[in-house]
Amino acid sequence: MTSKFTELAIDCADPHALARFWCAVLGYEVQEQDEDEADGVVTIGSPAVPEGRNHIGPVPPVLTFARVPEGKTVKNRLHLDVNPTDREQDEEVRRLLDLGARYADVGQGDERWVVLADPEGNEFCVLADRRP
């Protein structure tokens, strides 16, 4: 028997705002959230698989954002890669910048992917290939 990847937990200062950003990036929706915003845990996932980790077989992972007191201080050791599904890379980068992302330099040099940071500074890559 093996494990399946079902969830990625992301520490942050404002779980609700970061969840809104990533919902817009990925086409996800909020699946669970603390009623008290001060507690600050929000889980988002694909509307195509609302049962998430309870679904038999592979599933798109959910993202869980949890409020923590400390800020981000160094480059992420783990990051997300996203692929545009219905537009070219440059168009997707513009869309993500309009949502609140910003360019990030992590020493990537001249590559086919574009490194951005979400509103809290977490780096992610926008790949060049479109994936439906």
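Everything numeric here is computed off the predicted structure, so don't read it as measured data.
- Contact of the F65 side chain with the D11 side chain is not registered, since no non-hydrogen atoms from C-beta on lie closer than 4.5 Å.
- Side-chain rings of W113 and F124 stay apart, their centers remaining 6.0 Å or farther from each other.
- Residues P61 and T6 fail the side-chain proximity criterion, which asks for heavy atoms closer than 4.5 Å.
- Taking 4.5 Å as the limit, some side-chain heavy atom of L116 sits within range of a side-chain heavy atom of V126.
- Of the options R95, Q89, R94, a side-chain contact (heavy atoms from CB on, under 4.5 Å) to E91 is made by R94 and by none of the others.
- Taking the side chain to side chain contact (heavy atoms under 4.5 Å, CB included) definition, one finds that A24 meets it with L99, sequence neighbours left out.
- Note on V62 and I10: separate hydrophobic clusters, where clusters join Ile, Leu, Val, Met, Phe, Trp and Tyr whose side-chain heavy atoms are under 4.5 Å apart, directly or indirectly.
- L26 and L78 fall within the same hydrophobic cluster, defined by Ile, Leu, Val, Met, Phe, Trp and Tyr side-chain heavy atoms under 4.5 Å apart, directly or through other members.
- By the rule that hydrophobic residues join a cluster once side-chain heavy atoms approach within less than 4.5 Å of another member, L127 and L8 end up as members of separate clusters.
- The distance from atom CG of D118 to atom SG of C12, rounded to the nearest 0.5 Å, is 8.5 Å.
- The minimum heavy-atom distance between A66 and P15, with the atom names listed, is C-CG, 4.0 Å.
- Side-chain N/O atoms of H16 and D14 include no donor and acceptor closer than 3.5 Å.
- For the 3.5 Å distance criterion, the side chains of Q31 and T43 fail to qualify, holding no donor opposite an acceptor.
- Considering OG1 of T64 and CD of E32, their distance stands at 7.5 Å, rounded to 0.5 Å.
- Residues V82 and F21 are members of one and the same hydrophobic cluster, defined by side-chain heavy-atom contacts under 4.5 angstrom among Ile, Leu, Val, Met, Phe, Trp and Tyr.
- In this structure, NE2 on H79 lies 8.5 Å from CD on E123, to the nearest 0.5 angstrom.
- Here the CG atom belonging to N122 is positioned 8.5 Å from the CG atom belonging to L80, to the nearest 0.5 angstrom.
- V68 is not connected to L18 by any chain of hydrophobic side-chain contacts under 4.5 Å among Ile, Leu, Val, Met, Phe, Trp and Tyr, and they are in different clusters.
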